[in-house]
Novice: 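The structure under discussion is supplied below as structure tokens; questions concerning it will follow.
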Amino acid sequence: MEATSGIDEPVSGELASVAHALSLPAESYGNDPDIEMAWAMRAMQHAEVYYKLISSVDPQFLKLTKVDDQIYSEFRENFEKLRIDVLDPEELKSESAKEKWRPFCLKFDGIVEDFNYGTLLRLDCSQGYTEENTIFAPRIQFFAIEIARNREGYNKAVYISVQDKEGEKEINGEENKEKGIDIGGEEKVKEGAESGGEKEEGVNRGEKGKTDKGGEKEKKAEEADREMNKSGEASV
């Protein structure tokens with residue numbers, strides 16, 4: 001993706017050398033395993049950046065190149081009926097398909113930088129870059145299909161899915177916070193009720209003790225009065 005995507009990839013001296021190697025025609029290096037690995041690493045970096053983009057921004061607003069309009073127009077003019085939500089590899093890789101794609105791709109030589117760069121392309125646009133869901137494709141073929149997916153609303157499934165998951169995490173986090181407050185509140189209320197109950201019981205015991213002692217005093221006073229009355233009668 002070009003600068004219009006809004007993400008700058010770090011390029012060290014080593015990566016610059018790799019980028020130069022990858023820009024060479026395929027026949028210049030044959031089946032060199034080191035170059036193949038470099039292709040894979042570069043393609044994976046590109047895929048990760050792109051997937052983050054369509055996960056965090058509504059894809060219909062993305063601009064992948066400076067010539068998105070031209071790419072989309074040429075693509076739908078040449079591949080009007082091509083199904084892009086779930087790709088059939090035969091529509092991209094068979095000999096008859098390659099014959100049709102070749103002139104389309106060559107139109108963008110010199111217009112799109114590294115137009116034939118090896119890039120990872122998802123077969124099912126609602127899924128991520130898994131081994132089963134990924135094939136290699138020239139960069140211009142990736143742009144053509146992904147620009148169409150964005151404009152025609154197919155990539156929105158990824159964006160909605162990721163945003164829904166983020167929303168669920170936030171809701172669960174809020175619920176956990178509320179549960180923590182409730183539990184704390186319940187414990188305090190329970191502790192308060194228990195301590196209040198103990199106090200109440202203590203008060204009742206105190207009141208009972210006071211009542212009992214008061215009753216004993218009254219009984220003793222009555223007995224003393226009776227004794228005094230008896231002694232008074234006797235003396236009379």
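Position 1 is the first residue of the sequence; numbering continues from there.
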Novice: Test Phe143 against Val67 for side chain to side chain contact (heavy atoms under 4.5 Å, CB included), laying out the working first.
Specialist: CA-CA 10 Å; Phe143 279 139; Val67 290; over 6 Å; no
Novice: Walk me through it: do Asp124 and Arg122 pass the test salt bridge (charged side-chain N to carboxylate O under 4.0 Å, His left out)?
Specialist: CA-CA 6 Å; Asp124 183 345; Arg122 294 169 301 141; over 6 Å; no
Novice: Please walk me through it: do Tyr50 and Phe142 pass ring-ring contact (aromatic ring centres under 6.0 Å, His included)?
Specialist: CA-CA 11 Å; Tyr50 182 67; Phe142 164 88; 5.1 Å; yes
Novice: Out of curiosity, Asp88 CG to Leu82 CG, how far, rounded to the nearest 0.5 Å?
Specialist: 9.0 Å
Novice: Using every non-hydrogen atom in the two residues, find where Phe136 and Gly118 come nearest and quote the distance to one decimal.
Specialist: CD2-C, 4.3 Å
Novice: Which heavy atom of Gly128 sits nearest a heavy atom of Tyr51, and at what distance?
Specialist: CA-CE1, 3.7 Å
Novice: Shortest non-hydrogen contact from Glu146 to Leu64?
Specialist: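 Heavy atoms only, the tightest pair is CB-CD1, 4.1 Å.
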Novice: Do Leu62 and Ile160 share a hydrophobic cluster, counting only Ile, Leu, Val, Met, Phe, Trp and Tyr and linking them when any side-chain heavy atoms are less than 4.5 Å apart?
Specialist: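 No; tracing contacts between hydrophobic side chains, which count when under 4.5 Å, never links both residues.
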Novice: What is the distance from atom CE of Met44 to atom CG of Leu120, rounded to the nearest 0.5 Å?
Specialist: 5.5 Å
Novice: Taking all non-hydrogen atoms of both residues into account, name the closest pair between Thr119 and Pro138 and its distance.
Specialist: OG1-C, 4.3 Å
Novice: Is there a donor-acceptor pair under 3.5 Å between the side chain of Trp101 and the backbone N or O of Glu91?
Specialist: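 Confirmed, Trp101 side chain pairs with Glu91 backbone.
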Novice: Examine distances only and state if a side-chain atom of Asp68 and a backbone atom of Thr65 form a donor-acceptor pair shorter than 3.5 Å.
Specialist: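 Yes, because the side chain of Asp68 sits within donor-acceptor range (under 3.5 Å) of the backbone of Thr65.
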Novice: Quick check: closest heavy atoms across Ala148 and Phe75, and the distance to 0.1 Å?
Specialist: CB-CE2, 3.6 Å
Novice: Any chance you could measure Gln127, atom CD, to Ser161, atom OG, to the nearest 0.5 Å?
Specialist: 8.5 Å
Novice: Do Glu74 and Phe108 have side chains that approach each other closer than 4.5 Å (heavy atoms only, starting at C-beta)?
Specialist: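 Of all side-chain heavy-atom pairs linking Phe108 with Glu74, at least one is under 4.5 Å.
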Novice: Can we say Arg151 and Asp69 salt-bridge, meaning some charged N sits less than 4.0 Å from an Asp/Glu carboxylate O?
Specialist: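 Looking at Arg151 and Asp69, the cut-off is met.
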Novice: If only atom types and distance count, is the side chain of Arg76 paired as donor or acceptor with the main-chain N or O of Phe79 below 3.5 Å?
Specialist: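 Flag set: sc Arg76 to bb Phe79 pair under 3.5 Å.
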Novice: Are Ile147 and Val86 co-members of a hydrophobic cluster defined by side-chain heavy atoms under 4.5 Å apart?
Specialist: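 No, Val86 and Ile147 fall in different hydrophobic clusters.
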Novice: Hey, what do you get for CD (Glu113) to CD1 (Ile111), rounding to the nearest 0.5 Å?
Specialist: 13.5 Å
Novice: With a 4.5 Å limit on heavy-atom distance, are the side chains of Arg83 and Tyr154 in contact?
Specialist: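 The answer is no, as the side chains (C-beta and beyond) never meet within the 4.5 Å cut-off.
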Novice: Under a plain distance cut-off of 3.5 Å, with no hydrogens placed, do Tyr159 and Gln60 share a side-chain donor-acceptor pair?
Specialist: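 No, because no side-chain N or O of Gln60 sits under 3.5 Å from a partner of the opposite role on Tyr159.
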Novice: Measure across Pro59 and Asn155 and return the closest heavy-atom pair with its distance rounded to 0.1 Å.
Specialist: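 Closest approach of Pro59 to Asn155, heavy atoms only: CG-O, 3.7 Å.
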Novice: Thinking salt bridges, do Asp58 and Lys156 make one under a 4.0 Å N-O criterion?
Specialist: yes
Novice: If we ignore hydrogens and angles and just use 3.5 Å, is the side chain of Gln163 paired with the main-chain N or O of Ser55 as donor and acceptor?
Specialist: yes
Novice: Look up atom NE2 in His46 and atom OH in Tyr129, then write down how far apart they are to the nearest 0.5 Å.
Specialist: 7.0 Å
Novice: If you define the side chain from C-beta out and look only at heavy atoms, does anything of Leu123 sit under 4.5 Å from Pro89?
Specialist: yes
Novice: Please check if the number of heavy atoms outside Lys165 that lie under 6.0 Å from its NZ is greater than 12.
Specialist: no
Novice: How long is the gap from CD1 on Ile145 to CD1 on Ile84, to the nearest 0.5 Å?
Specialist: 8.0 Å
